[in-house]
Amino acid sequence: MYNVPTVRNTPTIRRLEGEHGSKQNRKHLELRFSRSQTHPPEDSPLTTLAVILPLALALVAAPLTALAGTIRTAWTAPVGVATAALAFAAVLWGWAFAGGGSVDFPWAPTWNLRLAFELDGLAALYAMLATGIGLAVVAYASKYLPLHLEHQNRPDTDIPRFHAFILMFMGSMVGLVMAQDLLLIFIFWDLTAIASYFLIAYDVHEEESRYSALMAMLVTGITAVLLLIGAMMLYVEYGTFLLPDLIETAEPGIYLTAAAAFMAIAGLAKSAQVPFHFWLPRAMAAPTPVSAYLHSAAMVAAGVFLIGRVYPLVQTSQFLLDALLVIGFASMVVGGILALSRDVLKQLLAYSTISQYGYVVFMFGLGGPYGAAAASFYVIAHALAKSALFLTAGAATESSGGETRLSHLGGMLRQQPLLAASSGAAAAGLAALPLTIGFFKDELFFEAALERGMPFPLLALFGAILTLTYMWRFWTGIFLGEERGESRPLPAAMLAPITILGVLTIVGGIFVAPFASLTEAAGMVSFNAETPISPAYHLDLRPVNLLALATFGLGALVIISRPLWAGAAGVFSRIGEVLGPQRWYDFSLTGLNKFSDRIHWLEVDTLRSRIVAILIPLGILVGAGLLVAAPAEAGIYSVGTVESADIPLIVALVLTAVAAVAATVPRNHLTLVLVLSASGFSLTAVYAFFGGPDVALVAVLVETILTILLLAVLALMPSAVLKRSETHGSTPGTKRRAYIVGGASAVVAFLGVWGALSRPTPEESVAAQHIELAPDAHANDIVTVILADFRGLDTLGEITVVGIALLGIAALLSRGRLW
Amino acid sequence: MTEPKTGSGAKGGATMTVMTQTIARILFLPALMTGIAVLIKGYADVGDGFNAGVIAGLAFLLQYVAFGYEEAREKLRTKYLPAIGFCGGLLLALLTAFVPLLLGKPIFTHSPAPGAEVIHIGTFELITAVAFDVGVFLMVFGFALGAIDIVARATSRNHAGGSAEEREAGT
Amino acid sequence: MTLLLSLAIAMLFGAGATLLMKSDLIRIVVGMVLISNAANLFIMASGLSRGFAPLYPLPEGALVSDPLVQAMTLTAIVIGFSITALLLAIAYRAYLDLDSVELDELEEAEEREESEQEKEWRPF
Amino acid sequence: MSLVFLIGLSWFFAVILGVLDGRRRWVGWLSVAGLTAAFAGVIWLSVLVLRDGTLQMVGGDWAPGVGIVLRADALGVIFASLSTAVILAALIYEVLDGVSSRMFPSLMLFLATGLNGLFLTGDAFNFYVFFEIAMIASYALVAYGEGARQIRAAFIFATVNLLGSVLFLIGVAALYHLTGTLEMAEIAVRTQGVATVPVLLTAVVIFVAFGVKLGLFPFHFWLPVVYTGTRPAVAAVLSGALANIGSYGLLRFGGEILVREREIGATALLVLGTASIIYGALQAISRRRSSEVIAYSSIGQVGYILIAIGIGGPVGFAAAVVYAVINALNKTLLFLCCGLRGWLVGAAFVIAAFSVAGVPPAGGFLGKAALFEAGVSLGSPAGAIAVVVLVFIGGALSFVYMFQIYQRDFWAGEKEGKASPLALRSVALVLAAMILFIGLWPEFLLGLSRQAASVLSGGG
């Protein structure tokens, strides 16, 4: 560990603003607490525990279960159920008895990141759903999964992986809903994506699973980056990631709208809203308990949760609210109609989820206190009902011996009365029949729509009718009609969760108060102000009730008139398949792969081209540099003076250059080497005339050894091989190209080198010091003293290079032996 | 040295070989001496460890050319010389560079310190920089000899199965 | 003089680049040698002063050649030579593997290998 | 300062190992011990530097500039620690797997020596010398295994990079001619007084030299064939350690020495960075072998580093450091995974894949976030939008290629077979744990990068 502050670490202005902001935040938090009736005014050990305990229990559930499962597979399910139950209990205790609370630790001071968690109303609502339904799902899976694996002939050792990921899903949901720091939210956000990725791909040997997992990952993962962008935008502007601070300080405007829009898009994609909805039905490739969880309390719920969390920022922009309205309504309709046309049970439910979360988004778009609160209430009601329905679908499939299609099921009422009753309650809940919690969800929904005014109540009515219709279709399709084949009995562990969820749907329809108060607490967080709601049965003809009655009446009509519109729904679904976003997804994925193949064909694959690819850009960059900078400066190039004493030097230079150019001509290798050494030895003379006897001596010796080595290697190669290469590959075309490249690089080198050499030499130079200091270092030969003393490290490096070359040659030619 | 093997070529070739070998024998010691002289005089005049190493290496190379790889290698006991040159030279150079660090001075601090008295033996000065130069010499000599040795070994391996003409063409 | 030196360096560099365009390992190595020589000559030429050899006793008042660039050139020559020697060894090994010094044949082998890998394909 | 001695340890060990048979087990472990000692030295030095500020030593006890200046600052020690760690991981991996060539351990230690020297020197020509130590060691290392593929890769690698080295050498000599000194800090001061054109041309030459090392588009064409042709451990070292020369060099020369020239060329940097990101990612998408995907991916990833350097300023340079560190770890892990089989490998690979794609808690998201920060902080709205969109698109493409190859290799059963030894796989797992650690405790890397960026003067 080390301390960040150093002398040279200059804080930017933004950072100062950030620190300032966090001070404000303290005050702000206190303010919020005092406004809230449910929270105690200040931090106490109890309120800290109320946050830490649920969080910790939820987060350790997965590793504990994985560990237990690794030790003994049979322990997986009990440990999983126990940890989920504990987490649920802790959340319940933390909210209902301890009254919530918050913790806030520094995490990364450089970015002002904080480990800030708060168990507020919104967090409590979603955390209860995540842990509660998580518990139901894990319990259900402990019986379902062995059967599932048995069908696929897979070993039991695959069980722990499933439970671990489901519980990781649960833990990351709990973390997500409590987190107050946007980057922390982003981390948990992606953790849920990771968990769902592996769960969707649980049947990894099936191509469908892999395809769906990739799709879910790409859609939710890539859009999650938008959340990150939004967070960074806010951080750069306001110096903090902490949501309460941002809500306090952020000023409405196009910048804030953009940041909030990015975060909202991430939420919409995860909630499978149009046009991102296509990944969700595909995610049905996962085992049924995963779908039940994903749809009701985890992945998809996380999307609307995020919108609820950043809603105070979103609602600063009317444009965003309107956009939510449009998207919500589109999802409601598209999901509803597609649900009507699906035959596979889970597909129907999947599209229904899209539609249902469309309601929630629609309500957020409606705005106002009713919108925000009703959205939260809707999530509770939907989660209870939808998880029960998914588990029902799994149970029905299991009971019928693997049948997944509605058209091949039916008449199960008599064989599975308990299942029928429980799922009937859940379906009624979703369809908003009275005496279920669902009735109130629609009541609030209509209320919010009415508050906003026409034409929204009519749109809401349309959505409600769709829901009623497909729920009817779902339930009657399984349980009514003629019996199809034999129905196997189901284990109690599979039935119990469904029953409990069904009962809860009814209980909520009778004792709505606890749900309503939780909703109010959650709505207050989203709306950033009080959101009083009063769901109740009113036996009069108020507009809300009229709308509900209209729903039932028109719904019944639609159900009866099915033959009239079934074809149209089918056509709609067909159009979606042909033109819908999944098609775009497939098209762009295969398109990308094809395009990648296409450009790979262009990729350079010869050494020559690889070298050209360096020389040409070099030339272009040098040219660009000249163009940019040269006009401002006159007299870049100077010719220099020639004195009579320079004549031997010039002769040697000319010889060197001419011999070098000549080296490009000969075909014969021996001639080539001789011409090369001619150039080299002339260069040696140049060094000597330059006043560098040491350099000249070394150059002579190096040139000698190099010539010998070249000749020796040539001698090692049979003359036939060399002959072959002399005639090969020297077509006029390649020759011409070689000379063009050579000539061009000569020009580039010339421009660069001449430019540098033309500069007048600087007045002070370190070389003068070297000359002066050489006697101090006990030497007459200044070059040697530079090599051995002043710059001895260079020489040490140089002989190290020599040594490595020797090792390399040995490795290549004598299996690494130096002897 | 024993009587050298004659080449497999014509009579003129044999005379040539004898001449080469004689010259090589005569030149060997002077060449080595030159190398060492260049090394010792390095601080006073042109030349340093690098030059010395290459010159000494060339002296050995001459013997390889004249007497053939196997024989020269055996007679001059050069088998381990490259490894010794590599390891000894680099270690010596490294030690001169790094030992001052252990004494609390910067890397490459030579002693005697600048300006202090130096013991002279002729033009030869007793300073640690010379030790460094000896390291350079050893390394470069090791390289020159080693590279030639490895290539020569590759040659003899390459031509072991070939015909006599090929062997002649190869050397 | 500046112009002449620059021209000579450019010619060395250009000649080296031309040889790099050939399809023969030995010629590529020779090309590298020429390019290294160009760089070495450039270092030598970039000396700040030109005159007598930097050896004590220095002539009174006369210009002395920049010793630092000489030391740098020396180092660069040796390093360049070592790397050339290694490159030559690699080229020789490549010849042993393919029985050819033709770069084209080397690259054909590479392409063959690649096309073997390309056969079956699916995105996930 | 006797700490330099610890770093020099790898030098001593490399020499001694040069005459030992690296295929023997004890020799392998000796090399691991030597490099571990050097690594400990680097870490110790890093702690000192990060706590107390820059340390400096002049070779031979001469005045700075007369003797070679060795300077350990935050930027240098971060890259030194990173590179040594990567080489150590690859060395342990290969020793566990069984070294197949006598010279391998020695060459790896020489490589570490060259890199550490290069990151810790304050002298331009000395930089070149250490640079060449690292390069020649890696030329020989690419040939490791000595199969036909490796030799071919080594020849291409050596030729192309030798060209790059020569360009760098020319650049250093030109800097000397223009300023009369080789000490980097002094060059930085003196170039201010020199006319723009020659310095700019020198900067271009140096940029191209580092671009070649880094494998930037369009200097990258050597890279895929070399990374796929060589052995996994060597590929890991090339992409995780050697390529750091490029990012470090660009930061050091662009951020500290040739500040004015970097600002003039910022547009070119942004354009080339963009081209790298898009080109690398597009090429990676349909490649069949994981090593090839990763090779092209690294071309794309270095584009981000270039973008960050192009943006410059404390935020941009910090982002470049964050990205360089994360990318080096990712690539090391991915290349090592290419040579392994077994389910733990899939876990390690997917963590690296998450990191490349920027999915937390793997550390990669920090790099993306830092880039977004740098992009958003840009003065011009158009520029900010362009950078953010680019990074977003690049990131989206990295999702596609990373998960496609992950699924193909580890799910569709193309990597089935006998699992590799657990010890080997645990090397990968340790690296994966490091990547997770960085993601879970971001302060570590963020603080480091901030300190490193504060060393550089450009824009600060």
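By convention in this document, chain letters (A, B, ...) are assigned in the order of the sequence lines, proteins followed by strands, and residues within each chain are numbered from 1.
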S.K.: Give the member of D/Thr202, D/Leu175, D/Val19 that has the highest number of heavy-atom pairs under 4.5 Å with chain A.
M.R.: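 Heavy-atom pair counts peak at D/Val19.
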S.K.: Take D/Gln407 and A/Met217 through the side chain to side chain contact (heavy atoms under 4.5 Å, CB included) test and state the conclusion after the steps.
M.R.: CA-CA 12 Å; D/Gln407 296 199 357; A/Met217 189 68 206; 5.9 Å; no
S.K.: Any chance you could measure A/Trp754, atom CH2, to D/Leu201, atom CG, to the nearest 0.5 Å?
M.R.: 13.0 Å
S.K.: Of the listed residues (A/Gly221, A/Ala805, A/Pro760), which shares the most heavy-atom pairs with chain D below a 4.5 Å separation?
M.R.: A/Gly221
S.K.: Under 4.5 Å, counting heavy-atom pairs only, tell me which of D/Glu261, D/Met135, D/Arg23, D/Glu146 racks up the most with chain A.
M.R.: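 Most pairs with chain A among the choices: D/Glu146.
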S.K.: CE/D/Met103 to CD1/A/Ile809 distance, rounded to the nearest 0.5 angstrom?
M.R.: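 Those atoms lie 10.5 Å apart.
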S.K.: Has the side chain of A/Ser596 got a donor or acceptor atom that lies under 3.5 Å from a matching backbone atom of D/Leu282?
M.R.: yes
S.K.: Need one label for D/Leu163: side chain, backbone, both or neither, based on atoms under 4.5 Å from any heavy atom in chain A.
M.R.: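 The answer is the side chain of D/Leu163.
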S.K.: Locate the shortest heavy-atom distance separating A/Pro762 from D/His177; write the atom from each residue and the value.
M.R.: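 Here A/Pro762 and D/His177 meet closest at CD-O, 3.2 Å.
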S.K.: Examine whether an atom of D/Thr179 lies under 4.5 Å from a heavy atom of chain A, and if so say whether it belongs to the side chain, the backbone or both; otherwise answer neither.
M.R.: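 Looking at D/Thr179, just its backbone touches chain A.
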S.K.: So for D/Pro224, is it side chain, backbone, both, or neither that comes closer than 4.5 Å to the heavy atoms of chain A?
M.R.: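 The answer is the side chain of D/Pro224.
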S.K.: How long is the straight-line distance from CZ of D/Phe399 back to OG1 of A/Thr223, given to the nearest 0.5 Å?
M.R.: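 If we round to the nearest 0.5 Å, A/Thr223:OG1 and D/Phe399:CZ are 8.5 Å apart.
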S.K.: Would you please classify the geometry between the A/Phe198 ring and the D/Trp411 ring as parallel, tilted or perpendicular, with 30° and 60° separating the classes?
M.R.: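 Because their plane-to-plane angle is over 60°, the rings of D/Trp411 and A/Phe198 count as perpendicular.
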S.K.: With a 4.0 Å cut-off on N to O distance, would you call D/Arg190 and A/Glu764 a salt bridge?
M.R.: yes
S.K.: For D/Val212, is it the side chain, the backbone, both, or neither that has a heavy atom closer than 4.5 Å to a heavy atom of chain A?
M.R.: side chain
S.K.: Relative to chain A, which of D/Ala140, D/Gly67, D/Ala384, D/Ala396 shows the most heavy atom pairs under 4.5 Å?
M.R.: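 Heavy-atom pairs under 4.5 Å are most numerous for D/Ala396.
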S.K.: What part of D/Ile385 gets within 4.5 angstrom of chain A, counting heavy atoms only: side chain, backbone, both, or neither?
M.R.: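 No part of it gets close to chain A.
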S.K.: Select one option (side chain, backbone, both, neither) describing which atoms of D/Ala281 are under 4.5 Å from chain A's heavy atoms.
M.R.: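 D/Ala281 has no heavy atom closer than 4.5 Å to chain A.
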S.K.: Could you pull out all residues at least two apart from A/Arg161 that satisfy salt bridge (Lys or Arg N to Asp or Glu O under 4.0 Å)?
M.R.: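 So A/Arg161 forms no salt bridge (Lys or Arg N to Asp or Glu O under 4.0 Å) with any residue.
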S.K.: With a 4.5 angstrom heavy-atom cut-off, is it the side chain or the backbone of D/Leu397 that approaches chain A, or both, or neither?
M.R.: side chain
S.K.: Top residue by heavy-atom pair count (under 4.5 Å) with chain A, among D/Phe365, D/Phe155, D/Tyr128?
M.R.: D/Phe365
S.K.: Relative to chain A, which segment of D/Leu107 carries a heavy atom at a distance below 4.5 Å: side chain, backbone, both, or neither?
M.R.: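 Answer is side chain: those atoms of D/Leu107 sit under 4.5 Å from chain A.
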S.K.: What part of D/Val208 is in contact with chain A, defined as an atom under 4.5 angstrom from a non-hydrogen atom: side chain, backbone, both or neither?
M.R.: side chain
S.K.: Among A/Ile599, A/Leu592, A/Asp597, which residue satisfies the side chain to side chain contact (heavy atoms under 4.5 Å, CB included) criterion with D/Ile285?
M.R.: A/Leu592
S.K.: With a 4.5 angstrom heavy-atom cut-off, is it the side chain or the backbone of A/Ala213 that approaches chain D, or both, or neither?
M.R.: both
S.K.: Between A/Trp111 and D/Phe372, does the ring centre distance come in under 6.0 Å?
M.R.: no
S.K.: Can you sort out the partners of A/Asp794 under salt bridge (Lys or Arg N to Asp or Glu O under 4.0 Å), two or more places apart, ordered by chain and number?
M.R.: A/Arg791
S.K.: One pair to check against side chain to side chain contact (heavy atoms under 4.5 Å, CB included): D/Ile151 and A/Leu812. What are the steps and the verdict?
M.R.: CA-CA 9 Å; D/Ile151 299 291; A/Leu812 286 163; 3.4 Å; yes
S.K.: Quick one: do A/Gln769 and D/Trp62 satisfy side chain to side chain contact (heavy atoms under 4.5 Å, CB included)? Show the steps, please.
M.R.: CA-CA 11 Å; A/Gln769 284 174 284; D/Trp62 298 101; over 6 Å; no
S.K.: Quick one: what part of A/Leu796 sits under 4.5 Å from any heavy atom of chain D, side chain, backbone, both or neither?
M.R.: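 Looking at A/Leu796, backbone and side chain both touch chain D.
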S.K.: Quick check for you: among D/Pro360, D/Gly180, D/Gly265, D/Ser449, which has the greatest number of heavy-atom pairs under 4.5 Å with chain A?
M.R.: D/Pro360
S.K.: Check each atom of D/Tyr144 against the heavy atoms of chain A and say whether the ones under 4.5 Å are side chain, backbone, both or neither.
M.R.: neither
S.K.: Students often mix this up, so state it plainly: with edges at 30° and 60°, are the rings of A/Tyr197 and D/Tyr406 parallel, tilted or perpendicular?
M.R.: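 Judged by the thresholds at 30° and 60°, the geometry between A/Tyr197 and D/Tyr406 is tilted.
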S.K.: If you count heavy-atom pairs under 4.5 Å with chain D, which of A/Ala613, A/Ala258, A/Gly808, A/Ala767 comes out on top?
M.R.: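 The option with the most such pairs is A/Ala613.
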S.K.: Would you mind checking which part of D/Leu200 comes under 4.5 Å of any heavy atom in chain A, side chain (CB onward), backbone (N, CA, C, O), both or neither?
M.R.: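 D/Leu200 touches chain A through side-chain heavy atoms alone.
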S.K.: Give, as side chain, backbone, both or neither, the part of D/Ser46 having an atom under 4.5 angstrom from any heavy atom of chain A.
M.R.: neither
S.K.: Side chain, backbone, both or neither: which part of D/Asp123 has a heavy atom under 4.5 Å from chain A?
M.R.: side chain
S.K.: Can you tell me which portion of D/Ile264 sits under 4.5 Å from chain A's heavy atoms? Options are side chain, backbone, both or neither.
M.R.: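 Contact with chain A involves the side chain of D/Ile264 alone.
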S.K.: If you tally heavy-atom pairs under 4.5 Å against chain A, which of D/Tyr401, D/Trp222, D/Phe125, D/Phe104 wins?
M.R.: D/Phe125
S.K.: A/Phe186 and D/Gly358: which non-hydrogen atoms are nearest, and at how many Å?
M.R.: CZ-O, 4.0 Å
S.K.: Could you measure the distance from the CG atom of A/Leu757 to the CG atom of D/Leu178? Nearest 0.5 Å is fine.
M.R.: 9.0 Å
S.K.: Please step through side chain to side chain contact (heavy atoms under 4.5 Å, CB included) for the pair D/Leu182 and A/Val766, ending with a clear verdict.
M.R.: CA-CA 8 Å; D/Leu182 287 169; A/Val766 69; 5.5 Å; no
